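Here the structure is laid out as structure tokens; the discussion comes afterwards.
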Amino acid sequence: MLELQNIHWSLPGGEEIVRGVDLRIEPGRLTVITGPNGGGKTSLAKLIAGLENPTEGRILMDGEDITGLDITERARRGIAYAFQQPVRFKGLTVRNLLDLAAGQQLEEHQACALLGKVGLCAKEYLDRPVDASLSGGESKRIEIATVLARTNARVLVFDEPEAGIDLWSFNSLIEAFQELKRERSGALLVISHQERILEIADRIAVVAEGRVRVSGPGVQILPTLLHEEKSALCPLGMDRKEV
Ligand SMILES: Nc1ncnc2c1ncn2[C@@H]1O[C@H](COP(=O)(O)OP(=O)(O)O)[C@@H](O)[C@H]1O
Ligand SMILES: [Mg+2]
């Protein structure tokens with residue numbers, strides 16, 4: 001279990017972005033964080049992954065205080081993070097990247113299966129370099145595949161996995177999350193505005209203005225979000241783009 005206790009995070013200039021977040025992310029469950037743009041969701045993901053350090057509060061993993069650990073040490077403890085913005089690596093092929101994520105040389109069929117899960121035709125991609133020749137959507141999907149490759153991960157964090165993904169692969173993405181829920185004992189944390197991802201959430205937390213505005217079982221929270229979303233004010237600023 002990953003536990004955020006009273007997490008605050010300020011910019012170097014002093015502006016407070018995350019303003020006292022308490023959150024429990026439980027193993028075997030899919031937790032979805034949603035809320036308006038600029039609310040602090042990506043900042044929370046970075047704080048969990050160790051890309052940023054809180055100015056106040058503690059992060060515990062199975063009771064161990066990991067607040068002071070850097071990104072490498074957290075990755076070693078099983079925190080896997082897929083960025084909102086795709087990352088490109090010079091000189092690495094897609095196959096290299098998957099091997100690195102898995103921590104072993106994958107058999108071709110294993111690498112192909114991972115790419116298949118994110119809707120990429122594997123044979124065309126395995127030997128492609130991970131560079132600017134990949135579109136944003138392609139590198140995003142490859143990044144999701146690298147998180148899926150980390151079979152020993154205990155906390156998997158996906159920041160807006162739907163971004164740049166077309167309908168066909170969106171369906172396979174939903175399937176991949178459902179499979180992760182069934183087959184992995186780790187905790188799944190997905191930041192998303194997508195109704196179909198919210199629908200499969202065990203727990204939903206709405207983050208706005210750096211705080212958890214409401215959280216609870218998905219079946220309780222989702223109807224209130226959909227209701228709010230239909231109102232003229234659209235307070236969550238949720239994106240109803242069809243995918
Ligand atoms: N490194 C940074 N420098 C300046 N502003 C930042 C930085 N990181 C986040 N912010 C600001 O903090 C707020 C929350 O950002 P973010 O966590 O990305 O929100 P969300 O993912 O919910 O859209 C935004 O106003 C954003 O501009
Ligand atoms: Mg974000």
Side-chain angles (χ1 to χ4, degrees), residues 27-33 45 49 75 78-202 218 239 241-243:
R29 295 240 170 106
L30 169 59
T31 302
V32 176
I33 296 183
I79 296 182
Y81 175 43
F83 300 85
Q84 184 174 14
Q85 296 295 326
V87 183
R88 294 181 166 125
F89 299 90
K90 264 214 165 104
L92 278 185
T93 64
V94 171
R95 188 194 298 260
N96 296 150
L97 200 62
L98 291 173
D99 287 350
L100 270 176
Q104 58 170 315
Q105 208 164 342
L106 296 170
E107 308 265 346
E108 186 152 301
H109 74 270
Q110 294 175 306
C112 286
L114 287 168
L115 291 176
K117 280 182 188 162
V118 291
L120 293 176
C121 178
K123 287 251 182 288
E124 290 172 21
Y125 283 96
L126 277 181
D127 296 312
R128 291 264 310 259
V130 184
D131 62 14
S133 69
L134 294 169
S135 75
E138 285 167 339
S139 33
K140 178 87 194 181
R141 292 194 230 172
I142 287 162
E143 199 169 289
I144 292 167
T146 64
V147 175
L148 300 178
R150 295 193 46 188
T151 45
N152 59 348
R154 288 155 68 207
V155 181
L156 295 103
V157 184
F158 299 88
D159 192 356
E160 299 198 18
E162 66 265 28
I165 284 193
D166 54 39
L167 176 62
W168 192 85
S169 40
F170 186 72
N171 289 335
S172 48
L173 190 68
I174 298 280
E175 272 168 36
F177 285 137
Q178 279 170 327
E179 191 182 311
L180 284 172
K181 256 176 73 164
R182 274 196 310 272
E183 294 176 3
R184 303 267 185 98
S185 54
L188 273 173
L189 175 63
V190 181
I191 295 170
S192 179
H193 296 291
Q194 266 302 325
E195 197 171 320
R196 286 187 55 205
I197 294 182
L198 290 162
E199 276 168 0
I200 60 168
D202 297 305
D239 187 345
K241 244 186 308 186
E242 295 299 326
V243 290

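Being a predicted model, the structure only gives us computed values, none of them experimental. Side-chain atoms are counted along with the backbone in the values below, which use heavy atoms only and exclude waters and symmetry mates.
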Check whether any side-chain heavy atom of Pro161 lies under 4.5 Å from a side-chain heavy atom of Val147, and answer yes or no. no
Any side-chain heavy-atom pair from Ile142 and Val118 closer than 4.5 angstrom? no
Listed once per pair and sorted, the ring pair (Phe, Tyr, Trp, His ring centres under 6.0 Å) pairs that draw on residues 108-153, sequence neighbours left out: none
Tell me which pairs pass salt bridge (Lys or Arg N to Asp or Glu O under 4.0 Å) where either residue lies in residues 110-123, with sequence neighbours left out. Glu108-Lys123, Lys117-Glu179
Taken to the nearest 0.5 Å, the spacing of Phe177 CZ from Arg184 CZ works out to 11.5 Å
What's the separation between atom OG1 in Thr151 and atom CD in Glu183, rounded to the nearest 0.5 Å? 11.5 Å
Go through the structure and list residues passing side chain to side chain contact (heavy atoms under 4.5 Å, CB included) with Thr93, not counting sequence neighbours. Arg95, Asn96
Give the minimum heavy-atom separation between Ala149 and Leu114, together with the two atoms involved. CB-CD1, 3.6 Å
Those residues at least two apart in sequence (or on a different chain) that pass side chain to side chain contact (heavy atoms under 4.5 Å, CB included) with Gln178 are Ile174, Arg182, Ile200
Any donor-acceptor pair under 3.5 Å linking the side chain of Glu162 with the backbone of His193? yes
Distance, nearest 0.5 Å, that separates CG of Leu180 from CZ of Phe158: 5.5 Å
To the nearest 0.5 Å, tell me how far Leu100 CG sits from Gln105 CD. 10.5 Å
Could you list the residues that satisfy side chain to side chain contact (heavy atoms under 4.5 Å, CB included) with Glu175, not counting sequence neighbours? none
Leu115 and side-chain contact (heavy atoms from CB on, under 4.5 Å): which single residue from Ile144, Leu148, Leu126 fits? Leu126
Nearest 0.5 Å, please: how far is CG in Leu189 from CG in Leu156? 9.5 Å
State the CZ-CG distance between Arg128 and Leu97, to the nearest 0.5 angstrom. 13.5 Å
Minimum heavy-atom distance Ala45-Val157, with the two atoms named: CB-CG1, 4.0 Å
Considering all heavy atoms, the nearest Ile197-Ser192 contact: CD1-OG, 3.6 Å
Checking Arg150 now: which residues fulfil side chain to side chain contact (heavy atoms under 4.5 Å, CB included) with it, not counting sequence neighbours? Ala75, Ala80, Ala101, Asn152, Ala153
